[in-house]
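I have placed the structure first, in the form of structure tokens, so that the comments after it can refer back to it.
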Number of protein chains: 2
Amino acid sequence: MSARARERFDLSNETATAPAVTPAAQRVQKPQRKTLERREAVLKAALSVFGARGYNNGALAEIAAQAGMTHAGVLHHFGSKEALLIAVLQYRDGEEVAGIARREQPTGKAFLGHLLDTVRENTTRPGVVQAYAVLSAESVTDGHPAQEYFRGRLTGLREKLIGVINEATDFVADQQEVHETASALIAVMDGLQVQWLLDPAAVDMPRTVELVLEELVGRLMAGRRDIVVPIGPSSDATP
Amino acid sequence: MSARARERFDLSNETATAPAVTPAAQRVQKPQRKTLERREAVLKAALSVFGARGYNNGALAEIAAQAGMTHAGVLHHFGSKEALLIAVLQYRDGEEVAGIARREQPTGKAFLGHLLDTVRENTTRPGVVQAYAVLSAESVTDGHPAQEYFRGRLTGLREKLIGVINEATDFVADQQEVHETASALIAVMDGLQVQWLLDPAAVDMPRTVELVLEELVGRLMAGRRDIVVPIGPSSDATP
DNA sequence: GAACACTTACTTACTGGTTAGTAAGTGTGT
DNA sequence: ACACACTTACTAACCAGTAAGTAAGTGTTC
């Protein structure tokens with residue numbers, strides 16, 4: 001908590017901008033291939049350690065050891081533990097599909113299929129799932145450095161889903177219902193992860209998500225739920 | 001991590017059973033009313049601190065201060081931080097409804113209504129929700145003391161829900177589907193909590209849970225999966 | 001192509017701070 | 001007088017971050 005205490009009381013930010021303290025990842029003009037590989041090794045180690053122990057309880061020394069250096073070496077590259085965390089989160093965002101070639105995010109109904117594919121894929125990578133589940137929940141603790149990241153991520157996903165659902169619906173659906181459907185979909189995927197991590201045999205993540213997708217979105221798309229709102233002034237829906 | 005390291009390497013369990021180390025909560029024959037009140041104060045403080053900071057990052061000293069004593073006093077009552085954690089979880093189970101009189105868990109369809117009521121109630125108690133969300137996800141980390149507790153809790157809830165759904169269904173539904181519906185319901189409730197904690201205005205927990213309940217369970221109860229059966233405007237899951 | 005200036009990627013060693021748990025004692029109510 | 005509820009004082013361990021140094025480059029100039 002020394003870092004947190006300092007963050008609260010130390011308003012002088014000058015030291016952070018002084019050249020000597022700036023991490024190598026931002027200071028260096030042209031990083032060599034080997035350097036980038038070492039950096040990626042650190043990120044992979046951090047993802048594994050943060051997943052296995054959480055952010056607060058995950059030690060830089062363990063990450064460093066897994067990457068084959070000392071914890072001071074890790075700090076040389078990333079500047080601080082906090083900076084390493086958000087680097088890890090961004091790395092996971094961009095790279096998580098790396099094994100199966102970088103695919104672009106589809107739009108429209110295809111996005112829902114993409115979501116299901118991701119869930120299926122996650123079954124293969126418990127480490128990544130663990131990191132996401134642990135860190136996202138830990139982020140709701142007071143002053144957690146990943147709070148803004150996860151808030152933004154959830155808001156973005158929700159908006160994306162709302163758009164996709166509206167796009168896939170021929171008529172203008174009740175927007176509150178669409179919003180709730182989007183929230184529920186995200187919640188199911190996230191909530192299932194914890195259940196699955198605690199007892200992998202007890203839940204079938206892909207099938208369960210598929211069921212919810214069919215029931216919730218399928219029904220919305222089919223057009224009914226007691227009250228069908230006809231045509232409205234919304235510009236979002238496909239004409 | 002000192003506790004964890006010891007747990008791993010120190011196989012001698014004798015000290016834990018030696019009389020001098022046994023916590024007062026198990027040693028004392030007839031605890032006085034005042035003692036029990038102090039003990040409850042510690043539990044309430046622990047719930048708040050573990051919720052705000054997580055288990056690993058929550059300090060006994062802070063819990064103690066909130067309960068008006070020193071951290072050694074807390075250890076006098078509960079023996080260890082780990083023991084305090086599971087005492088807190090059990091306390092939350094038994095007491096979380098304390099404000100509104102101890103009500104028994106209903107069976108059958110009424111249980112679904114009870115679930116919704118709990119969600120509604122949770123909106124009022126962000127601290128408890130935070131503690132549950134943070135601790136349940138933290139429990140999936142390696143060797144976490146609350147792992148067994150949460151695994152058992154989720155398994156129990158799932159079984160209970162499967163029973164309730166089957167009870168509420170006139171015919172024999174596809175059991176895999178029932179199982180997935182139960183998992184999905186739990187996942188929605190848990191997943192929504194993180195979204196809500198990060199951005200309370202962005203999600204309507206009760207309404208979203210209600211929507212999922214109606215769509216998923218309502219449909220199952222109505223009997224089919226291809227044919228759309230409209231559900232009445234009744235917002236209560238109880239028939 | 002060799003000498004020189006400079007950068008980068010680390011390491012070792014240390015600091016200041018925090019933490020769970022222990023031991024020994026003190027006061028208080030019964 | 002005794003059990004109990006604490007406190008004070010301490011310990012051993014851990015941890016993020018800093019400082020200072022070193023070895024291996026890289027680029028530039030002649």
Side-chain angles (χ1 to χ4, degrees), chain A residues 1-10 15-16 18-39 41-42 46 49 53 55-65 67-85 145, chain B residues 1-10 15-16 18-39 41-42 46 49 53 55-65 67-85 145:
Chain A
M1 219 183 309
S2 67
R4 193 188 330 258
R6 198 159 318 161
E7 184 185 319
R8 251 194 298 231
F9 301 121
D10 183 9
T15 49
V21 199
T22 308
Q26 287 161 34
R27 188 177 3 106
V28 177
Q29 305 92 326
K30 59 131 195 87
Q32 303 296 107
R33 151 167 273 124
K34 210 181 113 184
T35 298
L36 289 176
E37 280 172 8
R38 308 285 293 123
R39 209 112 85 193
V42 173
V49 170
R53 305 219 187 280
Y55 169 72
N56 281 307
N57 206 36
L60 286 183
E62 193 177 348
I63 294 168
M69 63 177 81
T70 64
H71 91 276
V74 171
L75 288 172
H76 162 73
H77 285 293
F78 294 94
S80 75
K81 194 188 182 186
E82 209 169 300
L84 174 61
L85 208 217
Chain B
M1 220 187 304
S2 69
R4 186 179 343 247
R6 198 158 319 162
E7 184 186 318
R8 250 194 299 228
F9 300 121
D10 182 8
T15 49
V21 198
T22 308
Q26 288 161 33
R27 191 177 0 107
V28 177
Q29 304 92 326
K30 59 137 197 74
Q32 302 296 106
R33 152 168 272 122
K34 209 179 115 184
T35 298
L36 290 176
E37 282 172 6
R38 308 284 294 123
R39 210 112 83 192
V42 173
V49 170
R53 305 218 188 279
Y55 169 72
N56 280 307
N57 206 35
L60 285 182
E62 192 177 349
I63 294 168
M69 64 179 79
T70 63
H71 92 275
V74 171
L75 287 171
H76 163 72
H77 285 294
F78 294 95
S80 75
K81 193 187 181 185
E82 209 170 299
L84 174 62
L85 208 217

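Predicted model, so just to flag it, every value in this text is computed and none were measured. Note on naming: letters A, B, ... go to the chains in the order of the sequence lines (proteins, then strands), and numbering restarts at 1 for each one. As a basis for the values below, the full set of heavy atoms in this structure was taken, side chains included, without hydrogen atoms, waters or symmetry mates.
The phosphate of C:dA9 (OP1 or OP2) has no side-chain N or O of A:Arg38 nearer than 4.0 angstrom. Taking only side-chain nitrogens and oxygens, A:His76 comes nearer than 4.0 Å to OP1 or OP2 of C:dA9.
Both B:Ala72 and B:Lys34 lie close to DNA chain C; mapped to their nearest nucleotides by heavy-atom distance, the more 5′-ward contact belongs to B:Ala72.
Counting to the nearest Å, the P atom of C:dT8 and the CD atom of A:Glu37 are 19 Å from each other. A straight line from NE2 of B:His77 to P of C:dG21 spans 16 Å, rounded to a whole angstrom. The separation between B:His71 atom NE2 and D:dA5 atom P is 18 Å, rounded to whole Å. Remark: C1' of C:dA20 and CD1 of B:Ile63 are 11 Å apart, rounded to the nearest angstrom. To the nearest angstrom, P of D:dA13 lies 18 Å from CG of A:Asn57. Across the protein-nucleic acid pair, B:Met69 atom CE and C:dG27 atom P stand 19 Å apart, rounded to whole Å. In this structure, A:Leu60 atom CG and D:dA16 atom P are separated by 4 Å, rounded to whole Å. When the P atom of C:dT28 is taken as reference, atom CZ of B:Arg33 falls 23 Å away, rounded to whole Å.
Between the side chain of B:Arg38 and the backbone N or O of B:Arg33, no donor-acceptor pair lies under 3.5 Å.
A distance of 14.0 Å separates OH of A:Tyr55 from CG of B:Asn56, quoted to the nearest 0.5 Å. Taken from CD1 in A:Ile63 to NE2 in A:His71, the straight-line distance is 11.0 Å, to the nearest 0.5 Å.
Contact annotation: the side chain of B:Arg53 approaches that of B:Glu62 to within less than 4.5 Å [non-hydrogen atoms, C-beta and beyond].
Residue A:Leu75 is in base contact, counting any heavy-atom pair closer than 4.0 Å across all strands shown.
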